[in-house]
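One structure is given here, and the rest of the page talks about it.
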Amino acid sequence: MNDIKQGKLSKELDFVHNSFRSKLDELKREEMNRLRMLIKAKHDIQGGNGWTVDHQALLRQFEHLNHINPHTFEVEDLDRLIKSATTDLENFDKVRHDEFKQYEMMKEHERRERLKTMNEDERKVEERHYEEMKKKHAEHAKVNHPGSEDQLKEVWQEADGLDPEDFDPKTFFKMHDSNGDGFFDENELEALFTKELEKVYNPQNEEDDMVEMEEERVRMREHVMSEVDTNKDRLVSLNEFLAATKKEEFTEKEEWETIDQNPTFTEEELKEYEQQLANEENVISKKTVELQRQREELERKQEELNAQRLGLQQAVEEMERLKAQSSKNEVKDPGAAEGDPAPVVAVNSPPLPTGYQQDVPVPRHS
């Protein structure tokens, strides 16, 4: 919990966010490439221009799908694959939105935790600074509705350097279809919103959060897709784009509402999230206690093993000492001194004359 109060978790979350976002973007690019390939294959078949589709190559691209017809691809097969690919992309967006929501809740949670550690005067200063930053962030130029005439004309003028009076939707589309495949994919669409986002977010400003800016970019793209992508294949064709410019919504003058005007979570959701954090903290604390107990038990067993090892070493050294002493004694006193005559026992010898005695060697005592 101290890590939360000190703001350490937000740094870790930011790192995870960047790492996770990079992986998510990579997966999404792969899915977009596959989707683009499928759309092109569908148009080739429908166009009847003599194009043939390598169905085995498509199967290799979509190994996770099971096809009833293993030999040829028809338009219906491609529609099924396109639907699957778009579902995967929708899931990527959902994961990203959920991740951003947790990021925002963690920021607010840590802010409140920091306030709890302050005295009354410090809290007043902090709260005043917080409100000033919110107000400063909200002070920006009008953000045009994504995909509206005003928004596209602004890109036409500021990014393309052309006169807004000469705006031509078809020319605009071809200029910003960067890969020239006849479609706006999600990346190409999101690139169109950079000018609008720069009105609200500046990486040099304390009050502006670049993570929020990327979420805002996704929201803008989803909004345009919902209005323009009529066949829901997550690509905007030239015909779909031109048709959208003829709708009443294209002349929308109302300002776009940014994230700070649309809270991403409720107070109830924040409480649930904080309870989740508390539960996770409790689990971590219990695991920490258990790991500490296991560590102490291992250290105790290690001490016992060290003591046994020392005792064994001492026993071996004592045995070696006794063995060496025994060998030394055997060399020094082998049991009989060299040079001493061996006792002679007469066998059937005549008795000695009176007054004579036979010398008998007496054993020496050490």
Side-chain angles (χ1 to χ4, degrees), residues 1-28 30 63-64 88 91-123 126-127 130 209-212 214-215 264-329:
M1 194 60 74
N2 288 333
D3 286 346
I4 294 176
K5 293 177 180 178
Q6 295 171 11
K8 293 181 180 178
L9 283 184
S10 67
K11 296 178 181 178
E12 293 295 327
L13 185 61
D14 193 35
F15 172 77
V16 171
H17 173 86
N18 292 332
S19 177
F20 182 78
R21 171 86 187 249
S22 297
K23 183 60 177 176
L24 202 62
D25 287 345
E26 179 184 346
L27 291 172
K28 187 170 183 178
E30 293 176 359
E63 293 175 352
H64 60 290
D88 290 343
N91 290 335
F92 289 149
D93 282 343
K94 184 180 184 303
V95 170
R96 175 177 288 164
H97 289 315
D98 290 343
E99 183 198 21
F100 175 74
K101 185 175 183 178
Q102 289 195 11
Y103 170 81
E104 289 288 285
M105 288 192 292
M106 176 61 79
K107 279 203 314 182
E108 178 60 19
H109 172 68
E110 289 188 339
R111 187 185 74 84
R112 296 184 184 188
E113 288 297 317
R114 285 196 300 272
L115 290 176
K116 292 178 183 179
T117 65
M118 300 176 182
N119 58 41
E120 186 176 354
D121 291 337
E122 290 173 334
R123 279 197 298 273
E126 180 63 24
E127 289 284 17
Y130 175 71
D209 188 335
M210 295 301 103
V211 176
E212 290 183 359
E214 291 307 313
E215 176 69 9
T264 56
F265 59 88
T266 64
E267 190 65 27
E268 184 63 29
E269 287 174 326
L270 178 59
K271 289 180 180 178
E272 291 178 2
Y273 181 68
E274 289 179 325
Q275 184 59 51
Q276 177 185 338
L277 288 177
N279 293 340
E280 291 175 355
E281 178 75 14
N282 186 43
V283 170
I284 292 174
S285 296
K286 289 181 179 179
K287 287 183 178 180
T288 301
V289 171
E290 176 61 19
L291 288 173
Q292 180 63 27
R293 186 194 66 77
Q294 293 178 7
R295 178 181 177 180
E296 292 173 355
E297 179 67 15
L298 288 173
E299 290 177 347
R300 184 186 64 78
K301 290 182 178 180
Q302 185 63 49
E303 290 177 356
E304 291 179 356
L305 288 174
N306 291 340
Q308 292 176 5
R309 187 181 294 110
L310 179 60
L312 181 61
Q313 183 179 353
Q314 290 174 344
V316 170
E317 291 174 352
E318 180 63 15
M319 291 177 63
E320 293 293 332
R321 188 188 67 79
L322 292 175
K323 182 178 179 181
Q325 183 65 35
S326 176
S327 298
K328 182 178 179 181
N329 290 339

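Everything numeric in this text was worked out from a predicted model, so none of it was measured.
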[Y] side chain reached by [X] side chain, heavy atoms, under 4.5 Å:
{"X": "K107", "Y": "E104", "answer": "yes"}
{"X": "K286", "Y": "E281", "answer": "no"}
{"X": "F100", "Y": "E214", "answer": "no"}
{"X": "R112", "Y": "L270", "answer": "yes"}
{"X": "T264", "Y": "M105", "answer": "no"}
{"X": "V316", "Y": "Q313", "answer": "no"}
{"X": "E113", "Y": "T117", "answer": "no"}
{"X": "L305", "Y": "Q308", "answer": "yes"}

- Nearest 0.5 Å, what's the CG-OH distance between L115 and Y130?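 One finds 9.5 Å between CG of L115 and OH of Y130.
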- Item | Rounded distance (nearest 0.5 Å) linking atom CD of E299 with atom CZ of R295 |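 Separation between the atoms: 5.0 Å.
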Does [X] reach the main-chain N or O of [Y] with its side chain, forming a donor-acceptor pair under 3.5 Å?
{"X": "Q102", "Y": "E99", "result": "no"}
{"X": "N282", "Y": "A278", "result": "no"}
{"X": "T288", "Y": "I284", "result": "yes"}

Do the side chains of [X] and [Y] get close enough for a salt bridge, i.e. N-O under 4.0 angstrom?
{"X": "E318", "Y": "R321", "result": "yes"}
{"X": "R111", "Y": "E127", "result": "yes"}
{"X": "E303", "Y": "R300", "result": "no"}

- Task: Assess whether salt bridge (charged side-chain N to carboxylate O under 4.0 Å, His left out) is satisfied between E290 and R293, documenting all intermediate values.
- Result: CA-CA 5 Å; E290 176 61 19; R293 186 194 66 77; 2.7 Å; yes
- Checking salt bridge (charged side-chain N to carboxylate O under 4.0 Å, His left out) for the pair E269/K101: CA distance, chi angles, key distance, verdict? CA-CA 10 Å; E269 287 174 326; K101 185 175 183 178; 2.7 Å; yes
- Task: For the pair M106 and L277, evaluate side-chain contact (heavy atoms from CB on, under 4.5 Å) and give the outcome as yes or no after the intermediate values.
- Result: CA-CA 9 Å; M106 176 61 79; L277 288 177; 3.9 Å; yes
- Item | Residue E120 excluded, over 12 heavy atoms near CD under 6.0 Å |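 Count not over threshold, so no.
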- Task: Would you sort out whether K116 and R123 count as a side-chain contact (heavy atoms from CB on, under 4.5 Å), showing the intermediate values?
- Result: CA-CA 8 Å; K116 292 178 183 179; R123 279 197 298 273; over 6 Å; no
- Query: Do E272 and Q276 have side-chain atoms, one donor and one acceptor, less than 3.5 Å apart?
  - Reply: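 Judged by distance alone, the side chains do not pair up.
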- Item | Modelled atom types, side-chain donor and acceptor of D209 and Y103, under 3.5 Å |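 Per modelled atom types, D209 and Y103 side chains form a pair under 3.5 Å.
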- Apply the test side-chain contact (heavy atoms from CB on, under 4.5 Å) to residues L298 and Q302: give CA-CA distance (whole Å), side-chain angles for both, the deciding distance (0.1 Å), then the verdict. CA-CA 6 Å; L298 288 173; Q302 185 63 49; over 6 Å; no
